Colleague: 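Have a look at this one.
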Amino acid sequence: DIVLTQAPLSVSVTPGESASISCRSSKSLLSSKGITSLYWYLQRPGKSPQLLIYQMSNLASGVPDRFSSSGSETDFTLKISKVETEDVGVYYCGHRLEYPNTFGAGTKLELK
Amino acid sequence: QVNLLQSGAALVKPGASVKLSCKASGYTFTDYYIHWVKQSHGKSLEWIGYINPNSGYTNYNEKFKSKATLTVDKSTNTAYMELSRLTSEDSATYYCTRRGRGYTGFDYWGQGVMVTVSS
């Protein structure tokens with residue numbers, strides 16, 4: 001199974017500042033169709049996960065452009081600029097390259 | 001608007017089975033696969049498997065092959081997951097989620113259902 005390793009496990013950010021979360025894959029997530037199968041989800045406290053980013057760098061519908069993502073075939077970074085209170089929660093990276101789909105351990109974002 | 005409504009919390013005894021439901025609305029049920037994801041308390045997400053509501057085809061995570069059974073009822077736009085021979089390790093929140101078109105990821109999620117296995 002593909003292992004996704006996130007870092008850090010928690011991050012504390014001052015509102016208005018930026019935050020970055022890393023996700024490293026044990027295998028290239030570039031598919032034979034040229035799609036990088038890396039996704040980012042946010043799980044707010046007590047809520048279901050929601051899709052933020054698909055195919056490594058595309059914003060899901062309704063997601064503010066303060067969120068951005070980039071990377072290579074195995075190393076990825078989610079950046080949140082001008083962090084707001086609604087950004088608090090746990091961020092997960094996940095892949096859909098093959099089965100089983102797997103997720104990272106999550107990164108908890110808190111406000112200072 | 002798309003909605004996935006899951007059944008309520010369940011308290012079940014060890015060794016028993018439980019059947020969870022996920023009722024879809026706001027879209028054509030047979031056009032999108034339904035996946036199920038497990039989240040143990042305070043832990044990350046584990047993919048259990050998916051079902052194609054149109055054909056009934058299923059694909060399971062090897063880890064859950066003897067644990068979970070996925071079915072659908074197209075007449076009521078409802079997906080089901082039955083968990084068998086429950087142990088304390090099965091105590092968790094279970095989500096149903098829809099895989100979006102193409103490669104857009106899991107775009108809608110149910111509210112989750114907490115299963116507690118206890119005597």
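To find a chain, count down the sequence lines: A is the first, B the second, and so on, and within it residues start at 1. The structure displayed is predicted, hence computed values, not measured ones. Because only heavy atoms are used, hydrogens play no part in the values below, and waters and symmetry mates are left out as well, while side chains stay in.
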Colleague: What part of K63(B) gets within 4.5 angstrom of chain A, counting heavy atoms only: side chain, backbone, both, or neither?
Modeller: neither
Colleague: Would a hydrophobic clustering, with Ile, Leu, Val, Met, Phe, Trp and Tyr connected at side-chain separations under 4.5 Å, put F64(B) with V37(B)?
Modeller: no
Colleague: Around atom NZ of K108(A), are there more than 12 heavy atoms from other residues, nucleotides or ligands closer than 6.0 Å?
Modeller: no
Colleague: Indicate if Y95(B) and V115(B) have the same hydrophobic cluster label, given that clusters are the connected sets of ILVMFWY residues with side-chain heavy-atom separations under 4.5 angstrom.
Modeller: no
Colleague: Mind listing the closest non-hydrogen atom pair of Y99(A) and H35(B) along with its distance?
Modeller: OH-CE1, 4.1 Å
Colleague: Are L11(B) and L20(B) connected in the hydrophobic side-chain network, where two residues link if heavy atoms are under 4.5 Å apart?
Modeller: no
Colleague: So do F106(B) and Y39(A) actually touch side chain to side chain, heavy atoms under 4.5 Å?
Modeller: no
Colleague: Looking at T93(B), L45(B), T97(B), which one has more heavy-atom pairs under 4.5 Å with chain A than the rest?
Modeller: L45(B)
Colleague: Measure Q39(B) against the heavy atoms of chain A and call it side chain, backbone, both or neither at under 4.5 Å.
Modeller: side chain
Colleague: Measuring heavy-atom distances to chain B, does K47(A) have an atom under 4.5 Å in its side chain, in its backbone, in both, or in neither?
Modeller: backbone
Colleague: From N101(A) CG over to N59(B) CG, what is the distance, rounded to the nearest 0.5 angstrom?
Modeller: 9.0 Å
Colleague: Shortest non-hydrogen contact from F103(A) to S44(B)?
Modeller: CB-OG, 4.0 Å
Colleague: Could you grab the distance from atom CE of M56(A) to atom OH of Y103(B), nearest 0.5 Å is fine?
Modeller: 15.5 Å
Colleague: How close do R96(A) and G105(B) get, heavy atom to heavy atom, and via which atoms?
Modeller: NH1-N, 3.6 Å
Colleague: Does L42(A) share a hydrophobic cluster with L4(A), counting links as ILVMFWY side-chain heavy atoms below 4.5 Å and allowing steps through other members?
Modeller: yes
Colleague: Under a 3.5 Å distance rule, please check whether Y54(A) uses its side chain to pair with a backbone N or O of G100(B) as donor and acceptor.
Modeller: no
Colleague: Is it true that, when you exclude E89(B) itself, more than 12 heavy atoms of the residues, nucleotides or ligands shown sit nearer than 6.0 Å to its CD?
Modeller: no
Colleague: Ignoring hydrogens, what is the shortest heavy-atom contact between T104(B) and L51(A)? Give both atom names and the distance.
Modeller: O-CD2, 2.8 Å
Colleague: If you take all heavy atoms of S48(A) and G112(B), which pair is closest and at what distance?
Modeller: OG-N, 4.2 Å
Colleague: Do W109(B) and Q43(A) come within less than 4.5 Å of each other through their side chains, counting heavy atoms only?
Modeller: no
Colleague: Is Y108(B) in contact with chain A via its backbone, its side chain, both, or neither, using a 4.5 Å heavy-atom distance?
Modeller: neither
Colleague: I'd like to know if L83(B) and W47(B) are part of one continuous hydrophobic network [Ile/Leu/Val/Met/Phe/Trp/Tyr, side-chain heavy atoms within less than 4.5 Å].
Modeller: no
